[in-house]
Colleague: 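Please read through the structure below; I'll follow up with questions.
Along the sequence shown, residues are numbered consecutively beginning with 1. Remember, it's 1-based here, ligands and their atoms both numbered in the order they're listed.
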Amino acid sequence: MIVTTSLEPSAETTRHARELAARFNLTLVERKDYSLAELRKRFAESEVLIVSSKGARLEAVGKTAFFFHPNTAAFRIKRLERGDNDTMLTVCQIQPGDKVLDATMGLGADAIVFAHGVGETGRVVGVESERTIALLIEDGLAYWPAESQALREAMKRVEVRVGNHLDVLRSLPADSFDVVYFDPMFEETVNSSAGIAGIREWANNRSLEQAAVAEALRVAKRRVVLKEGKTGRLYQQFGFTPYRTRGNQVVYSYKEKGGGE
Ligand SMILES: C[S@@+](CC[C@H](N)C(=O)[O-])C[C@H]1O[C@@H](n2cnc3c(N)ncnc32)[C@H](O)[C@@H]1O
């Protein structure tokens with residue numbers, strides 16, 4: 001993968017591209033007036049990360065362009081500011097000051113909503129196994145030009161960790177997070193995170209493992225929460241209690257620390 005800028009970049013875009021390349025140990029290529037196809041040929045690279053004033057966008061041959069967007073987080077935070085509820089926060093019983101481990105960060109929409117819910121005194125760590133996704137989301141969380149102050153502040157509070165959640169969970173002390181949250185990839189195309197289709201080609205599509213659930217129950221002080229498609233049955237497999245709301249395309253389920261419901 002190489003990093004370059006849009007054509008005629010501003011000084012800020014050039015600085016951003018330089019920082020991104022250094023942060024992820026990638027080669028920075030001056031765009032000059034090369035087309036994307038020319039750059040690919042010249043550097044024998046199919047994956048090009050293009051930085052513009054709108055942030056970073058990954059263009060890979062044969063794949064959908066991939067870029068950060070706050071997706072559902074934008075309107076969910078707006079609704080929360082109006083005093084409405086958010087089902088995910090309700091199922092997780094989120095309070096200001098809570099610590100949440102989002103074990104399947106993906107595009108980060110849920111992590112951003114968690115960060116809003118736990119507030120300044122809380123902590124949200126998003127774990128993502130795929131380096132490319134983690135790279136783009138970490139960068140987007142820092143650079144996406146959100147108009148809403150609440151959204152901007154929540155985005156800045158999400159901490160990104162690259163790694164398989166099983167390894168990360170194993171490295172954590174017992175009871176070190178209030179909630180551990182899983183939203184593994186699922187079959188249906190409809191997902192509450194609109195835009196999830198954009199990461200399908202980059203994502204880890206493996207199902208959730210029993211070992212990860214067991215570790216999550218050790219690390220969580222309060223409960224482990226699982227989100228899946230409305231036809232998903234992982235909650236039965238793992239003995240979680242479903243939390244259903246009418247008309248939802250997703251099913252949340254939870255298991256209390258200590259095995260209760
Ligand atoms: C459905 S997406 C999560 C969407 C996310 N909740 C959001 O709001 O954008 C699932 C993500 O979890 C990642 N993933 C799957 N298995 C994982 C694992 N074992 N460890 C860490 N991340 C994993 C996938 O690569 C994918 O990015």
Colleague: Looking only at distances, can you tell me whether any N or O atom of Ser129, backbone or side chain, sits closer than 3.5 Å to an N or O atom of ligand 1?
Modeller: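 N/O-N/O distance under 3.5 Å: yes.
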
Colleague: Show which atoms of ligand 1 fall inside a sub-4.0 Å distance from at least one heavy-atom site of Ala109.
Modeller: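 Result: 7 (C), 8 (O), 9 (O).
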
Colleague: Ligand 1 versus Asp183, non-hydrogen atoms closer than 4.0 Å: side chain, backbone, both, neither?
Modeller: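 Under 4.0 Å from ligand 1, Asp183 contributes backbone and side-chain atoms.
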
Colleague: Which heavy atom of Ile112 sits nearest a heavy atom of Ile77, and at what distance?
Modeller: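 Taking every non-hydrogen atom into account, CG2-CD1, 3.8 Å.
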
Colleague: Could you pull out, from Arg200, Glu228, His165, the option with a heavy atom nearest to atom 18 (C) of ligand 1?
Modeller: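 Among Arg200, Glu228, His165, the closest heavy atom to atom 18 (C) of ligand 1 belongs to His165.
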
Colleague: Are side-chain heavy atoms of Phe238 and Gln210 found at a separation under 4.5 Å?
Modeller: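 Yes; the side chains approach each other to less than 4.5 Å.
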
Colleague: With rounding to the nearest 0.5 angstrom, report the CG to CE distance, Asn25 to Met1.
Modeller: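 One gets 12.0 Å once the value is rounded to the nearest 0.5 Å.
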
Colleague: Strictly under 4.0 Å, does any heavy atom of Gly163 approach an atom of ligand 1?
Modeller: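 The answer is yes, since Gly163 has a heavy atom less than 4.0 Å from ligand 1.
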
Colleague: Gly108 to ligand 1: N or O pair under 3.5 Å?
Modeller: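 Right, the criterion is met.
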
Colleague: For ligand 1, is there an atom lying under 4.0 Å from some heavy atom of Met105?
Modeller: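 So Met105 counts as touching ligand 1.
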
Colleague: Taking the six-membered ring of Tyr254 (Phe, Tyr or Trp), confirm whether the NZ or CZ of Arg223 is under 6.0 Å from its centre and within 45° of its axis.
Modeller: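 Judged by the rule, Arg223 and Tyr254 form a cation-pi pair.
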
Colleague: State, to 0.1 Å, how close Pro96 and Thr121 come at their nearest heavy-atom pair, and which atoms those are.
Modeller: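 Smallest heavy-atom distance, with atoms named: C-OG1, 4.1 Å.
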
Colleague: Is there a heavy atom of Ala103 sitting under 4.0 angstrom from any atom of ligand 1?
Modeller: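 Contact check Ala103 vs ligand 1: positive.
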
Colleague: Regarding ligand 1, does Tyr181 bring an N or O atom to under 3.5 Å of one of the ligand's N or O atoms?
Modeller: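 N/O-N/O distance under 3.5 Å: no.
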
Colleague: Heavy-atom pairs closer than 4.0 Å: do any link ligand 1 to the side chain of Glu130, the backbone, both, or neither?
Modeller: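 It is the side chain that gets close, since no backbone atom is under 4.0 Å.
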
Colleague: Between Met185, Arg161, Glu128, which one has a non-hydrogen atom sitting closest to atom 13 (C) of ligand 1?
Modeller: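 Looking at heavy atoms only, Glu128 sits closest to atom 13 (C) of ligand 1.
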
Colleague: Which atoms form the tightest heavy-atom contact between Cys92 and Val179, and what is the distance?
Modeller: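 Scanning both residues, the minimum pair turns out to be O-CG2, 3.5 Å.
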
Colleague: Considering Leu107, Ile137, Asn71 one by one, which has a heavy atom nearer to atom 9 (O) of ligand 1 than any of the others?
Modeller: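 Checking each option, the heavy atom nearest atom 9 (O) of ligand 1 is found in Leu107.
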
Colleague: Where does the angle between the aromatic ring planes of Trp202 and Phe66 fall among parallel (under 30°), tilted (30 to 60°) and perpendicular (over 60°)?
Modeller: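 Trp202 vs Phe66 ring planes: parallel.
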
Colleague: With nothing but distance in play, are any N or O atoms of Arg206 less than 3.5 Å from an N or O of ligand 1?
Modeller: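 In fact, backbone or side chain, Arg206 has no N or O that close.
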
Colleague: Taking all atoms of both residues into account, what is the closest heavy-atom pair of Ile94 and Gly117, and its distance?
Modeller: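 Reported closest heavy-atom pair: CG2-C, 3.7 Å.
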
Colleague: Can you find an N or O of Asp110 that's nearer than 3.5 Å to an N or O of ligand 1?
Modeller: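 Asp110 vs ligand 1: N/O contact under 3.5 Å present.
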
Colleague: Classify the ring geometry between Phe182 and His165 as parallel (under 30°), tilted (30 to 60°) or perpendicular (over 60°).
Modeller: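 Plane angle over 60°, so perpendicular.
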
Colleague: What atoms in ligand 1 come closer than 4.0 Å to a heavy atom of Ile133?
Modeller: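 Every atom of ligand 1 under 4.0 Å from some heavy atom of Ile133: 27 (O).
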
Colleague: Which atoms of ligand 1 have any heavy atom of Gly106 under 4.0 Å away?
Modeller: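 Answer, ordered by atom number: 3 (C), 11 (C), 27 (O).
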
Colleague: Return the CD to OG1 distance between Glu130 and Thr104, rounded to the nearest 0.5 Å.
Modeller: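 These two atoms lie 12.0 Å from each other.
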
Colleague: Consider only side-chain N and O atoms of Asp139 and His16, and report whether a donor and an acceptor are under 3.5 Å apart.
Modeller: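 Distance-only check passes for Asp139 and His16.
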
Colleague: Flag Pro184 as yes when one of its N or O atoms lies below 3.5 Å from any N or O atom of ligand 1, and as no otherwise.
Modeller: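 Checking ligand 1 against Pro184, no N or O pair falls under 3.5 Å apart.
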
